[in-house]
Amino acid sequence: MNFEPKSIFVIGLEILALELDTAAEKHTKSSSTTSQLLPLPVVAALLYTTPSSSSNRALTSFKNSKSPPHQGSMGSVNEGKLRFCIDRGGTFTDVYAEIPGQPEGKAMKLLSVDPSNYEDAPVEGIRRILEEFTGNKIPRTSKVPTYNIEWIRMGTTVATNALLERKGERIALCVTKGFRDLLQIGNQARPNIFDLTVSKPSNLYEEVVEVDERIQLVLEDEKESGSNVVTGISGEQVRIVKPVDEATLRPLLNGLLDKGINCLAVVLMHSYTYPHHELAVNKLAVSMGFKHVSLSSSLTPMVRAVPRGLTASVDAYLTPVIKEYLSGFISKFDDDLGKVNVLFMQSDGGLAPESRFSGHKAVLSGPAGGVVGYSQTLFGLETKKPLIGFDMGGTSTDVSRYAGSYEQVLETQIAGAIIQAPQLDINTVAAGGGSKLKFQFGAFRVGPESVGAHPGPVCYRKGGELSVTDANLVLGYVIPDYFPSIFGPNEDQPLDINKTREEFEKLAKKINLYRKSQDPLSKEMTVEEVAQGFINVANETMCRPIRQLTEMKGHETKNHALACFGGAGPQHACAIARSLGMNEVLVHKFCGILSAYGMGLADVIEEAQEPYSAAYSHDSVLEASRRETLLLQQVKQKLKDQGFGESSITTESYLNLRYEGTDTAIMVKGKSGSDYAVEFVKLFQQEYGFKLENRNILICDVRVRGIGVTNILKPRAQENSITTPKSQGEYKVYFGNKWHNTPLFKLETLGSGHVIPGPAIIMNGNSTVIVEPNCKSIITKYGNIKIELESISVNVKVSEKVVDVVQLSIFNHRFMGIAEQMGRTLQRTSISTNIKERLDFSCALFDPDGGLVANAPHVPVHLGAMSSTVQWQLKYWGENLHQGDVLVTNHPCSGGSHLPDITVITPVFEEKKLVFFVASRGHHAEIGGITPGSMPPFSKSIHEEGAAIKAFKLVEKGIFQEEGITKLLQFPSSEESSGYKIPGTRRIQDNLSDLHAQVAANQRGIVLIKELIDHYGLKTVQAYMVYVQLNAEEAVREMLKSIPGKLQFHSNDSNSTDSIVIQEEDYMDDGSTIRLKLTIDTKKGKAFFDFSGTTPEVYGNWNSPEAVTKAAVIYCLRCLVDIDIPLNQGCLAPVTIFIPSGSFLSPSDKAAVVGGNVLTSQRITDVVLMAFQACACSQGCMNNLTFGDDTFGYYETIAGGSGAGPTWEGTSGVQCHMTNTRMTDPEIFEQRYPVVLHRFGLREGSGGGGVWRGGDGVVREIEFRRGVVVSVLSERRVHAPRGLKGGMDGARGVNYLVKKDKRVVNLGGKNTVEVEAGEILQIFTPGGGGWGSV
């Protein structure tokens, strides 16, 4: 029988009828669960298939492809049988089939969900192709015969969709007693620091069972033996403190079964090295009837309980869903399916049989196929350059990199769930064809919101909003002639270009009115210029993650080629490549179904891993080699069991290594004749820019990878075409501010060697390729499209009176991207835990006057504060600044926060003229002072807190002043102290290393800004440094003008409706008062923050430098602005802040301030937000804990409850407001330090009651295993976090020390104590205030 394509018009009806509210598009991995947009180019590209008169309502595009004959599967060739590669996406299912005896494969697209026509899209695709191949009718009601099928390879988004939509299996979590809330707290950081609602992804588990068991690690200096001390898998000795109490556990598990929960995720402390307790829980649960149990120790045997537990939760949540789907899929075939090789794509780019295809390895199944597809067909064949994969869909864009081997990560976060397993490094940005277009506060904005599938873009005739797709339509990038007439009430009308233009005209009118208000002489923007502007901004949005992906790993973006696929990607490829400095774009001939095609290029992968904890030495390498040999035998046997011969199996071995004292491990691949340690040092230096001398290298894990090489599909070269390319017609397309008559070609009519100069449109079976002017497209010998770009200079015309509204948005992205990349450089090159792991740092760039241009949002308490620092240094040094100078400071009177936060500032010159500054601020774990960790609770003067540097040239004329900075740090001034010498820093080498890292981060910023200057010119860049500040100023002004509509009262202090006066105050625990009188001019959009009446400087350390108060104000203003504005000096432009000199918010230069940064800043934030009636008080504290001795120091801040708001409940166990640093994982905590963590969980009921409850604080209970000095610096132990609008106050915090004789001692809010081994510290952090009276 002949296979007949279905009517594209009927296809369109099917598409538009499909409800996608709960479907996730194939390439969508964002946490949003909103409707997904059907990418227009995917559908439009189907149009050139000749419509059929068939009346069947099925979405099918079936075209011939020019792929080679099949190669053998698993070392054998089975002639006469079909091979299927399938990608089941959220919207479409793509099928690629190798047909026996035919050199040309078959490609098909079906709707993934079409219950009126078929139950399962992959089965339907196979059924149709088999019907055509055999000529026999296969009824949908009968099972599909498998005699003619050799193998099936499939990727699926079933797991991804279930995770995105939270539609997985009902599960419970089994966790060590004392840690029931461990996964909910996670690393305690909040996802978006400016989101007052603190929205966090929901838990995957419904119930928690605490298992009464405990394992402890034996410390290195302990020598114990006995039946309860054993050696774990990692080589570490462990003490079995308490075996699993099955008698207690059984009724708890029965309770779960009674509730209908029969799936478990199990994570027990230190099970990575001692899994026996998890295995005991598994044995009991299975015997009781639980149908699925996911053990963290089996899935990912690596130290760190939180990611291991989250991975087990994901696996338990998704695996039953996958198994159910696969069972249904298999049931549709006859009983001989067992003879067919059926494999499924995993997140790591390898294939696995159904029996080993589990939830935690399936979430990137579809995108992984795309990465395999472009990497195996383009790299080395079409280009020698490393590739950037660019997969643009309707709602999101995936970015990846390939340079000869797959780049993998061992941990990633998808839909709010952390997964610790080998997976391809695929980054997603929320920008695609459906991204909304908006003009707000004088700037073009694209996304991150999507218009969804319904109503979709304006052109769909369903009352939608303007999107990137509409802009492409207006500009001619979407060709209406190649799109079905399926719109309107009767679904028989074409895309609505008129309505789209009408909406753009309305938007253009709004934009032009704004521009006229700024400059009456400004020229009006046309509809096309507006649409082009939005496309330019969208392109820059997608460029930002590409730069981060490459440059954060030390690679130059411009040295790559852009490998473009997905529905919408080829429309934007040329512009994005040009913006990134690339000169080569590659578009695969199967770019629209590349994920499916990639299944046929993938190998079968089996992996095994086990922990091994040891210092790198001759003996430990021998032991690692022994373990490696055993693991290799396991994976090879698994591959042999699947039919692979010895000659078809290759293996790879890895050691996971890190430097002692750091958490940055690198999975090092073994190479013949190469030492792992040598390779580690090389990789570490390549990625982080330095190496650590005289530092032990530690082994963490042994990992092996077995690869069953399949060699299924191989590209086949074509003969050069001797014909002349024939255009299918000309269309008007808008490029470079004018219309061009642009020829359109079909890829199927083009041959190898054809060269088509831009502008041009090339359509293939799955996408529309836009070839811009000054570009040249070449059809390669493998039938793909290579586009070569000519380098052209970009000149942006700068007006002194009015900003270019398009370039404003682009420069916002570029400036913020530079600050972010500085931060990544600092994180990469630093060695301290505070900077590298806890992320306690910030980076920023400034204009020549010291005005903040962009501050990457790292730690809120640093926000805006560095501008005062830069301006103070500029005033201090004056003309004594030169090229090659780098400044360092940490003193509060010179714009600092507290002494551990050291700021490094680099002035940048152009032709001997100061043109801008870059700066980085990082928290150094040790800076000297009266206690280790430099956070003394009882400091009374700045000199007791460590080395204080007002101004010093860290680098002078290019020479690092190591002797000078060492002297300042090791020998701080003691003249004002209490008569004894104040210790200097106890970790000078760490200080020097981190200062070098800060200099390197600044240098990275300089390089990137100079690239911007080379591209646009100095005058343009400096002009936009001012314009972005004006833009932020306008956004804050508009927010202030809107305040009357948000407040429920007008103060009686105001005599005018144009002015609101609000008074608010709060108290520190010693009774010190923060008093604020806030006056808002709602007509002009101005605010006056008057802190008159605030308590004078205190004889303690919670004095707050002025810079910290400004940072708190700018943070609050940014939170109150509803849109993503740049964080810069403009935010404070409409604001006047008065702080009385001599108050504890503006203390003298002798005052102690270490607590002001971490305590008082939180109280200022509460006062300001209460004045705006934005939310109730949060915990109002950072709960600072330090402990150590002469050999080590440890510092952490502890989460609490956030305040409730007018429409939301507070969040429990989260960092609030002015901090967002991470918590050390419990297993790492116990592995590195002499402690046992008995409890870390939520303090239930500590959040204030109300219509909306405040978030709960946490309980942290630490037993010290040897004598150390413990310091606690905390607040809200006397005055509770207040509720708002009748809401109840949150619970106050409290700190206890449980002595060895069981006495419980209240330490108060601030104390230093020498503890003995066996004593226990209990910290109960405050809850958040409630909102509204019940």
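Everything numeric here is computed off the predicted structure, so don't read it as measured data.
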(request) Can you sort out the partners of K638 under salt bridge (Lys or Arg N to Asp or Glu O under 4.0 Å), two or more places apart, ordered by chain and number? (result)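 Testing K638 for salt bridge (Lys or Arg N to Asp or Glu O under 4.0 Å), a comparison that skips the adjacent residues, returns none.
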(request) Give the ring-plane orientation class for H588 versus Y597, where under 30° counts as parallel, over 60° as perpendicular and anything between as tilted. (result) tilted
(message) Parallel, tilted or perpendicular, judged at 30° and 60°: which one describes the rings of F344 and F329?
(response)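 Geometry flag for F329 against F344: perpendicular rings.
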Is the closest basic N to carboxylate O distance between [X] and [Y] below 4.0 Å?
X    : Y    : answer
E98  : K106 : no
R140 : E124 : yes
E119 : K332 : yes

(request) Answer yes or no: does atom CG of D335 have more than 12 heavy-atom neighbours from other residues, nucleotides or ligands under 6.0 Å? (result)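 No, the 6.0 Å shell around CG holds no more than 12 heavy atoms from other groups.
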Could you measure the distance from the [atom1] atom of [X] to the [atom2] atom of [Y]? Nearest 0.5 Å is fine.
X    : Y    : atom1 : atom2 : result
K81  : N148 : NZ    : CG    : 7.5 Å
L750 : I785 : CG    : CD1   : 7.5 Å
L326 : T156 : CG    : OG1   : 7.5 Å
L639 : S648 : CG    : OG    : 10.0 Å

(request) Verify side-chain contact (heavy atoms from CB on, under 4.5 Å) between V604 and I707, making sure each step is shown before the conclusion. (result) CA-CA 6 Å; V604 178; I707 304 164; over 6 Å; no
Pairwise side-chain contact, [X] with [Y], heavy-atom cut-off 4.5 Å (strictly under):
X    : Y    : value
S400 : L424 : no
D391 : Y374 : no
I779 : K786 : no

(request) Could you tell me whether the side chains of E382 and T780 share a donor-acceptor contact shorter than 3.5 Å? (result)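 Yes, a side-chain donor-acceptor pair sits under 3.5 Å.
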(message) Assess, by modelled atom type and distance only, whether the side chains of E584 and T383 contain a donor and an acceptor separated by less than 3.5 Å.
(response)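 There is such a pair between these side chains.
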Is there a donor-acceptor contact under 3.5 Å from the side chain of [X] to the main chain of [Y]?
X    : Y    : answer
D334 : T146 : yes
N784 : K589 : yes
T157 : R88  : yes

(request) Considering non-hydrogen atoms only, spot the tightest contact between G476 and I761 and give its length. (result) O-CD1, 4.3 Å
(request) Please report the C-alpha distance between T93 and I86 in whole Å, then the side-chain angles of each, then the deciding distance to 0.1 Å, and finally whether the side-chain contact (heavy atoms from CB on, under 4.5 Å) criterion is met. (result) CA-CA 7 Å; T93 290; I86 304 171; 3.8 Å; yes
(request) Would you please indicate yes or no on a ring centroid separation below 6.0 angstrom for H572 and Y477? (result) no
(request) Assert yes or no for the condition that the ring centre distance of Y96 to F590 is strictly below 6.0 Å. (result) yes
(request) Begin from the C-alpha positions of F644 and V709 and carry the test side-chain contact (heavy atoms from CB on, under 4.5 Å) through to its verdict. (result) CA-CA 8 Å; F644 286 93; V709 182; 5.9 Å; no
